Amino acid sequence: MPVDTRSICSLPKIRAWPAVSLALLAASLVLGVVVTAADALSARDDAVSAGLHALDSGWVHAAVSIVTVGFSSVTGLAVLCVWAAALVLRGRRLAALATVLTVGVGWACVMVLKYVFDRPRPPFDAADGPSYPSGHTALAVSLVFAAFFLARRTDRRDTIATAGVLLVLLVMFARVIAGAHYLTDTVGAVFAASAAIVAFCGIWNAAIPLVLRRHPALAGPGEAVAPRPPRPIPPVPDETAAAGRRPPKVLGGAMPAVDEDAAAAAPARDRRAV
């Protein structure tokens, strides 16, 4: 039985996902070390952030404020809960679980790195807490990944992918314009969140078949789960073919030929002797 197209039993299979995940995480870590230790890059970061923050007025300020509230921690949790509840009500429990974990893994990875680097915010008093990487950007990246995973088998996948990239860029620049982050904070968040989600895809694809075999009720009625392929059955020897096989050879050489005339005359010789 094939897997239903609405099912999310498996996430995208990424070749060499451990290497891809480690490369993205390494890029985020290296960038974090550089921006917190190299004065030259920090000065450049300050200049870019100050230039973009100068745009924070009028309708730009209004749009930036909407993005700031829309991708805050409270709003993000509320959106995720409503999204997961809607999937569960549609009978897609497995999709709801995958969505929650996708967003949670990408978001949590960035929040941990925040306190690892503990980079001060830009000098604009726009936000509190560590600056690198950007939590708002990480939430946007994680939500876009989750939406793409749900729509990757539909005709809307390209539309969602394009809109998702534009949304992430909007959030990145909105946070810099608001004066809450440096531009490198947002870039590091994209690397870190993507690294965590790529690793999660590989782990999910390896673990979910085992979980479903033990707990098949985890998949909702709106989802189809591919059954475990049956074990191959060894072929049974055909008796007819076995009967028609040639006799095996005798060890040490071929079987001696039988003289049919001598075999027919043997019973007659035995009777005369009697």
Side-chain angles (χ1 to χ4, degrees), residues 1-14 17-18 20-21 24 67 69-112 134-168 170-171 189-190 192-228:
M1 180 178 63
V3 178
D4 191 278
T5 56
R6 296 171 297 168
S7 177
I8 192 171
C9 295
S10 63
L11 295 179
K13 296 177 175 59
I14 303 171
W17 63 265
V20 174
S21 177
L24 291 170
V67 172
V69 175
F71 289 90
S72 64
S73 299
V74 175
T75 306
L77 288 174
V79 169
L80 185 59
C81 290
V82 173
W83 193 1
L87 290 171
V88 171
L89 291 176
R90 293 178 58 189
R92 302 185 63 186
R93 294 191 291 266
L94 201 60
L97 177 61
T99 300
V100 171
L101 292 178
T102 298
V103 177
V105 165
W107 199 6
C109 178
V110 167
M111 299 308 292
V112 170
S134 168
H136 284 66
T137 304
L139 177 59
V141 171
S142 301
L143 290 173
V144 168
F145 267 110
F148 177 77
F149 290 165
L150 288 174
R152 73 186 190 279
R153 296 191 180 105
T154 67
D155 296 336
R156 296 172 294 174
R157 56 173 293 173
D158 294 337
T159 302
I160 290 179
T162 303
V165 171
L166 295 177
L167 177 63
V168 170
L170 173 64
V171 175
V190 173
S194 300
I197 293 173
V198 168
F200 169 68
C201 286
I203 296 172
W204 171 277
N205 289 334
I208 198 61
L210 303 176
V211 173
L212 288 177
R213 288 168 194 165
R214 294 187 177 184
H215 307 283
L218 184 62
E223 296 169 318
V225 182
R228 186 177 183 180

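Owing to the predicted nature of the structure, the values given are computational and were not obtained by experimental measurement.
Closest heavy-atom contact between S134 and V110: O-CG1, 3.7 Å. Considering all non-hydrogen atoms of both residues, R152 and P12 come closest at CD-CG, 3.6 Å. Among all heavy-atom pairs drawn from K13 and N205, the shortest one is CG-ND2, 3.8 Å. For the pair V88 and A96, the tightest heavy-atom approach, listed with the atom from each and the gap, is CG2-CB, 3.7 Å. The shortest non-hydrogen separation linking V105 to I197 is CG1-N, 4.4 Å. Summarising the geometry of G135 relative to M111, their closest heavy-atom pair is CA-SD, 4.3 Å, with the distance given to 0.1 Å.
In this structure, the separation between OG1 on T137 and CG on L170 is 10.0 Å, given to the nearest 0.5 Å.
The shortest side-chain heavy-atom distance between T99 and L80 falls under the 4.5 Å cut-off. The closest side-chain heavy-atom distance from F149 to C201 is below 4.5 Å. By the 4.5 Å heavy-atom criterion applied to side chains, L97 and L101 are counted as neighbours. By the 4.5 Å heavy-atom criterion applied to side chains, F71 and L167 are counted as neighbours. With contacts defined as side-chain heavy-atom distances shorter than 4.5 Å, the pair F200/L11 qualifies. Looking at heavy atoms from C-beta onward, L87 lies in side-chain contact with L150 at the 4.5 angstrom threshold. Considering only heavy atoms from C-beta on, W204 stays 4.5 Å or farther from T102 through its side chain. Two residues are said to be in side-chain contact when any heavy atoms from C-beta on lie closer than 4.5 Å; W107 and L143 fail this criterion.
Between the side chain of T162 and the backbone N or O of T159, no donor-acceptor pair lies under 3.5 Å. Of the possible polar contacts, none joining the S21 side chain to the W17 backbone as a donor-acceptor pair under 3.5 Å is found.
Side chains of S72 and T75: a donor-acceptor N/O pair is present below 3.5 angstrom, by distance only.
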